[in-house]
2 protein chains.
Amino acid sequence: MDILASNLFSALSHETRLRCVMLLMQHDELCVCELTHAIGAAQPHVSRHLAQLRKLGLLVDRREGLWIHYRINPALPQWVADLLQNTLSGVQVLPPFKDDADVLGQMPNRPGAPRCA
Amino acid sequence: MDILASNLFSALSHETRLRCVMLLMQHDELCVCELTHAIGAAQPHVSRHLAQLRKLGLLVDRREGLWIHYRINPALPQWVADLLQNTLSGVQVLPPFKDDADVLGQMPNRPGAPRCA
DNA sequence: CCGATATATTCGATTGACGGTATATGGCGT
DNA sequence: ACGCCATATACCGTCAATCGAATATATCGG
């Protein structure tokens with residue numbers, strides 16, 4: 001598992017993608033509907049950007065029934081993992097990242113529970 | 001001094017800009033001709049990208065006679081400085097970053113000395 | 001098999017980033 | 001004032017990223 005630095009930064013340069021990654025840094029695993037709800041964007045929008053992050057190797061996905069759960073690739077190079085942690089500590093107190101975490105925390109019907117979104 | 005995370009990543013997503021920033025992380029201060037030589041690109045190309053980094057607030061410049069010296073903005077938020085250091089430790093051993101540092105080290109006529117480029 | 005749900009992908013249009021070349025600015029020496 | 005040098009910017013054509021909307025895929029329950 002390796003990753004080109006400029007590709008890493010391109011991936012994180014889009015706010016939707018960065019918001020997804022920051023949420024996943026705080027939750028291990030989230031499904032698309034949770035990310036969509038937290039960010040407040042259209043489903044194809046989020047899905048498209050998740051696909052980019054997955055193709056780059058930054059995220060991995062796991063299907064469970066209808067839901068697809070994403071998480072940060074656990075095999076990331078150490079410096080990349082450090083960089084993400086670093087970024088999280090820098091941005092988690094400010095918008096829109098803080099709000100995303102709050103919205104997710106208050107989301108009803110999280111999957112595993114009966115109904116999603 | 002503050003900086004938007006997605007703008008930071010956009011700035012670093014271009015290889016020319018990342019190479020400049022990584023060189024400046026290792027040298028405190030470099031003039032445009034040194035960066036141009038190390039990277040092996042055309043002068044307007046490097047200058048244009050340095051301007052972007054400056055406008056974003058990532059770099060500051062200082063004129064000394066004909067030369068303009070760039071350095072990392074010392075007033076960067078801590079998490080940004082940490083992130084850059086983090087990135088440096090991740091990429092400094094691999095191309096093209098390692099080679100840039102080597103080429104710069106072997107550059108003749110560095111400014112301050114009689115002639116540049 | 002059919003409908004419903006969660007997610008992914010395609011399509012077509014637009015916008016913004018980038019590159020090369022040419023030119024402008026600004027400072028130095030004479 | 002003139003020429004030279006280091007650097008910056010303007011112009012313009014091209015290509016890649018992005019978007020909204022529509023559609024496709026996959027899984028489950030009945």
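In what follows, chains are A, B, ... by sequence order, proteins preceding strands, each numbered from 1.
- Ring geometry for A/Phe9 against B/Phe9 counts as parallel: the plane angle stays under 30°, on a 0 to 90° scale with 60° as the upper cut.
- B/Leu50 has its CG atom 15 Å from the C1' atom of C/dC18, to the nearest Å.
- Taking every side-chain heavy atom of B/Arg54 into account, D/dT9 is the closest of D/dT7, D/dT9, C/dC11.
- Checking C/dG27, D/dA21, D/dT9 against every side-chain atom of B/Ala51, the shortest atom distance belongs to D/dT9.
- In the set D/dT18, C/dG19, D/dT27, D/dT18 carries the atom at the smallest distance from any side-chain atom of A/Arg17.
- Of the side-chain N and O atoms in A/Tyr70, none sit less than 4.0 angstrom from OP1 or OP2 of C/dA6.
- B/Leu53 places its CG atom 14 Å from the P atom of C/dA17, with the value rounded to the nearest Å.
- Checked by atom type and distance alone, the side chain of A/Asn73 never pairs as donor or acceptor with a backbone atom of A/Leu59 at under 3.5 Å.
- Nearest-nucleotide positions on DNA chain D place A/Ala42 closer to the 5' end than the other of A/Gly65 and A/Ala42.
- With distances taken from any side-chain atom of A/Ser47 to the nucleotides C/dT9, C/dT21, D/dC19, the minimum falls on C/dT9.
- Going from atom CZ of A/Arg62 over to atom C1' of C/dA6 covers 15 Å, rounded to whole Å.
- Between B/Glu34 atom CD and D/dT7 atom C1' the separation is 14 Å, expressed in whole Å.
- Put simply, CD on B/Glu64 is 19 Å from P on C/dG26, counting in whole angstrom units.
- Of the two residues near DNA chain C, A/Arg63 and B/Thr16, the one whose nearest nucleotide lies more 5' is A/Arg63.
- The base of D/dA6 lies outside donor-acceptor range of the side chain of B/Gln43, with no N or O pair under 3.5 Å.
- For the OP1/OP2 pair of C/dG16 and a distance below 4.0 Å, the side-chain nitrogens and oxygens of A/His14 include no atom meeting the criterion.
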Subject >> side chain to side chain contact (heavy atoms under 4.5 Å, CB included) between A/His49 and A/Gln52, intermediate numbers included >> reply: CA-CA 5 Å; A/His49 289 291; A/Gln52 283 185 242; 3.5 Å; yes
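- The side chain of A/Ile68 has C/dT7 as its nearest neighbour among C/dT7, D/dC19, D/dT9.
- Using a 4.0 Å heavy-atom distance criterion, A/Gln52 is classed as a sugar-phosphate-only contact.
- Distances shown here put every side-chain N or O of B/His45 at or beyond 4.0 Å from the OP1 or OP2 atom of C/dC18.
- If you measure from atom CG of B/Leu56 to atom C1' of C/dA17, you get 14 Å, rounded to the nearest angstrom.
- Between B/Leu59 atom CG and D/dT7 atom P the separation is 14 Å, expressed in whole Å.
- In this structure a side-chain-to-backbone donor-acceptor pair under 3.5 Å is present from B/Ser13 to B/Ser10.
- For A/His37, no side-chain nitrogen or oxygen approaches OP1 or OP2 of C/dA6 to under 4.0 Å.
- Contacts of B/His69 with the nucleic acid, taken as non-hydrogen atoms under 4.0 Å apart, are absent.
- Judged purely by atom type and a 3.5 angstrom limit, B/His27 uses its side chain to pair as donor or acceptor with the backbone of B/Leu23.
- A distance-only check finds no donor-acceptor pair linking the side chain of B/Arg110 to the backbone of B/Gly105 [under 3.5 Å].
- Picking from D/dA8, D/dC11, D/dA6 the nucleotide with the shortest atom distance to the side chain of B/Arg48 gives D/dC11.
- Put simply, A/His49 has no side-chain N or O that comes within less than 4.0 Å of OP1 or OP2 on D/dT18.
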